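Comments concern the structure below.
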Amino acid sequence: MSNLTRLQEAVAARNLEAFLVSEIANVRWASGFSGSAGWVLLKGTEAVFLTDSRYTIQAGEEVHGMPVFTFANPVTSVQFLKEHVEKMGIGKLGFESESVTYATFEDWAKAWSSVELVPAKNLVSPLRMVKSAEEVEGIRRACKLADACFQHVCRMIQPGVSEYDIALDIEFFFRRQGAQLAFEPIVVSGERSARPHGHASEKKLAVGDFVTLDFGAQVDGLCSDMTRTVVVGEASDRHREVYTQVLKAETSCIEMMKAGLEAKAVDAHARAVLDEKGLAQYFGHGLGHGLGRVVHDSGRMSPTSDDILAQGQVWTVEPGVYIEGFGGVRIEDDVLVTETGVEVLTHSPKELLVLPA
């Protein structure tokens, strides 16, 4: 079943007359379009793809299963959308209320006075959580590239090399392979590794530094997201203690994951394992998130999550410990929920690597 058909069934299940997909990641999921601006408008079994003249050729190549219409100046997007809403005879139109700004809503309501706009929150997101076989294969390719990148970049991890140079090399590696960055790489070392989302700086690596590398590739619109933490030159007992416990939390969480399990239960297990060594207090973020068309895709593993693991979902599992003045450790893998358990899609070494100075 195509993503578009799944979406049409979900719209019908919500008893919506029609629905407008405007969030660009959802547009790509439903249509295959990889540009930066477009909409999918559907009513019953009828669907159209709408974009502007910059993408006339691209949309014609990428979009399948629905006709493509484009507009150009002086027509505005609001006018163009109104034309097609009226052409399809839509009286009530559902929209993605979690992503449409209030200003956009006001523009639509003013221009489309004869159309009732109906907020339809989180209609597409739950559908995107379960990946198609094609999407899983795309994520596999992105994960394979992330593994190759880690092997490539380890040669640079030595005293005197800056975080910034390592981050640049990660970017160059992906681009040389024809991929895009899934997100800006995180490269933080020494005390700076206690910053979970720290930006790479001109700080130079030194012996005894933790170095945390968090990066991912985007291949054909699908992402990977992997983190590894290594030590430069020499690891102290404290380095080993913290790292070992984070690794235990990560691997044991992966082992327990299966369809039907509450996401918050996996998160709670990670915190319990870290607390065996008094480290849970240094773990402030959620255990993981969904992965797919965007790096932080639908789904969260956190203490407040209501998500349930299901076959076909892809999750990151990424416990971390961040101790100010000392440093931090995060270990992250991408994991597919299967019929019998899970499959780990990232395969870089996870034992503590002490790279020679």
Side-chain angles (χ1 to χ4, degrees), residues 3 25 28-29 32 34 62 128-157 166-187 200 211-230 246-247 250-251 253-255 257 287-299 301 309-320 329-353 355:
N3 289 343
R28 180 162 192 174
W29 174 84
S34 65
E62 294 180 342
R128 277 177 47 196
M129 286 182 71
V130 176
K131 273 57 182 180
S132 67
E134 181 182 10
E135 287 172 321
V136 170
E137 286 308 306
I139 296 170
R140 285 187 201 279
R141 292 195 296 272
C143 289
K144 184 176 181 180
L145 201 52
D147 283 329
C149 182
F150 179 68
Q151 182 179 14
H152 167 82
V153 82
C154 276
R155 81 196 198 288
M156 290 191 67
I157 299 176
I166 295 170
L168 281 176
D169 202 50
I170 291 170
E171 179 173 357
F172 290 160
F173 179 87
F174 286 143
R175 295 197 182 278
R176 283 193 296 264
Q177 306 303 317
Q180 296 179 315
L181 292 173
F183 54 95
E184 180 183 346
I186 297 168
V187 181
V211 184
T212 296
L213 310 160
D214 186 346
F215 53 87
Q218 186 183 86
V219 179
D220 297 329
L222 291 154
C223 300
S224 58
D225 182 6
M226 186 179 78
T227 306
R228 292 295 185 266
T229 302
V230 302
V246 173
L247 180 59
E250 202 250 7
T251 55
C253 283
I254 291 173
E255 288 170 359
M257 290 173 66
L287 177 65
H289 53 80
L291 182 70
R293 296 283 174 185
V294 293
V295 71
H296 279 218
D297 210 341
S298 302
M301 283 191 198
L309 273 59
Q311 184 178 348
Q313 294 174 347
V314 179
W315 293 89
T316 68
V317 180
E318 48 182 303
V329 174
R330 182 166 65 256
I331 305 169
E332 175 185 22
D333 283 303
D334 302 336
V335 176
L336 169 69
V337 182
T338 68
E339 185 178 4
T340 58
V342 295
E343 176 189 351
V344 180
L345 304 178
T346 39
H347 301 293
S348 293
K350 289 193 288 191
E351 69 273 9
L352 179 59
L353 295 180
L355 297 176

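Predicted model only: the values in this text are computed from it and were never measured.
For the residue pair Asp334 and Thr316, no side-chain donor N or O sits within less than 3.5 Å of a side-chain acceptor on the partner. There is no side-chain donor-acceptor pair under 3.5 Å between Asp225 and His296.
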Could you walk me through whether Leu287 and Cys253 pass the side chain to side chain contact (heavy atoms under 4.5 Å, CB included) test, one step at a time?
CA-CA 9 Å; Leu287 177 65; Cys253 283; 3.9 Å; yes
Please test Glu318 against Met301 for side chain to side chain contact (heavy atoms under 4.5 Å, CB included), starting from the C-alpha separation and ending with a verdict.
CA-CA 10 Å; Glu318 48 182 303; Met301 283 191 198; over 6 Å; no
Hey, mind stepping through Arg330 and Val246 against side chain to side chain contact (heavy atoms under 4.5 Å, CB included) and telling me if it holds?
CA-CA 7 Å; Arg330 182 166 65 256; Val246 173; 5.9 Å; no
Hey, mind stepping through Glu135 and Arg293 against salt bridge (charged side-chain N to carboxylate O under 4.0 Å, His left out) and telling me if it holds?
CA-CA 9 Å; Glu135 287 172 321; Arg293 296 283 174 185; 3.5 Å; yes
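A salt bridge links Asp333 to Arg228: at least one charged side-chain nitrogen sits closer than 4.0 Å to a carboxylate oxygen. Ionic pairing of Arg28 and Glu62 is not present here: no N-O contact between side-chain nitrogen and carboxylate oxygen is shorter than 4.0 angstrom.
Crowding of Gln151 atom CD: a count of heavy atoms from other residues, nucleotides or ligands under 6.0 Å not exceeding 12.
The ring-ring contact (aromatic ring centres under 6.0 Å, His included) test applied to Phe173 returns His152, not counting sequence neighbours. Every residue two or more places apart in sequence or in another chain that forms a salt bridge (charged side-chain N to carboxylate O under 4.0 Å, His left out) with Asp297 is listed here: Arg128, Lys131.
Ring-plane geometry between Phe150 and Phe215 is classed as parallel, the angle between the planes falling under 30 degrees on a 0 to 90 degree scale with a further cut at 60.
When all heavy atoms are compared, the tightest approach of Ile139 to Cys223 is CG2-O, 3.7 Å. Smallest separation of non-hydrogen atoms from Phe174 and Gly216: CE1-O, 3.4 Å. A pairwise comparison of heavy atoms in Gly138 and Leu222 identifies CA-CD1, 3.7 Å as the closest pair.
Residues Thr229 and Leu213 are not in side-chain contact: their nearest non-hydrogen atoms beyond the backbone lie 4.5 Å or more apart. Between Arg155 and Asp169, the closest side-chain pair of non-hydrogen atoms falls below 4.5 Å. Between Leu247 and Lys350 there is a side-chain heavy-atom pair separated by less than 4.5 Å. Residues Leu291 and Trp315 have side chains not in contact (no heavy-atom distance under 4.5 Å, counting atoms from C-beta outward). Looking at Met257 and Val317, their side chains come closer than 4.5 Å, going by heavy atoms from C-beta outward.
Side-chain N or O atoms of Glu137 include none that pairs as donor or acceptor with a backbone N or O of Glu134 at under 3.5 Å.
Between atom CG of residue Leu345 and atom CZ of residue Arg141 there is a gap of 12.5 Å, rounded to the nearest 0.5 Å. Here the straight-line distance linking atom OG of Ser224 with atom NZ of Lys144 works out to 13.0 Å at 0.5 Å rounding. Between the CE atom in Met226 and the CD1 atom in Ile331 there is a gap of 11.5 Å [rounded to 0.5 Å]. Between the CG atom of Leu336 and the CD atom of Gln313 there is a distance of 9.5 Å, given to the nearest 0.5 Å.
Residue Glu332 forms a side-chain hydrogen bond (donor to acceptor under 3.5 Å, both in side chains) with just one option from Thr346, Thr227, Thr212, and that option is Thr227.
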Side-chain donor/acceptor pairs under 3.5 Å, residues 175-186, sequence neighbours excluded:
unit_1 : atom_1 : unit_2 : atom_2 : d
Arg175 : NE     : Glu171 : OE2    : 3.1
Glu184 : OE2    : His199 : ND1    : 3.4

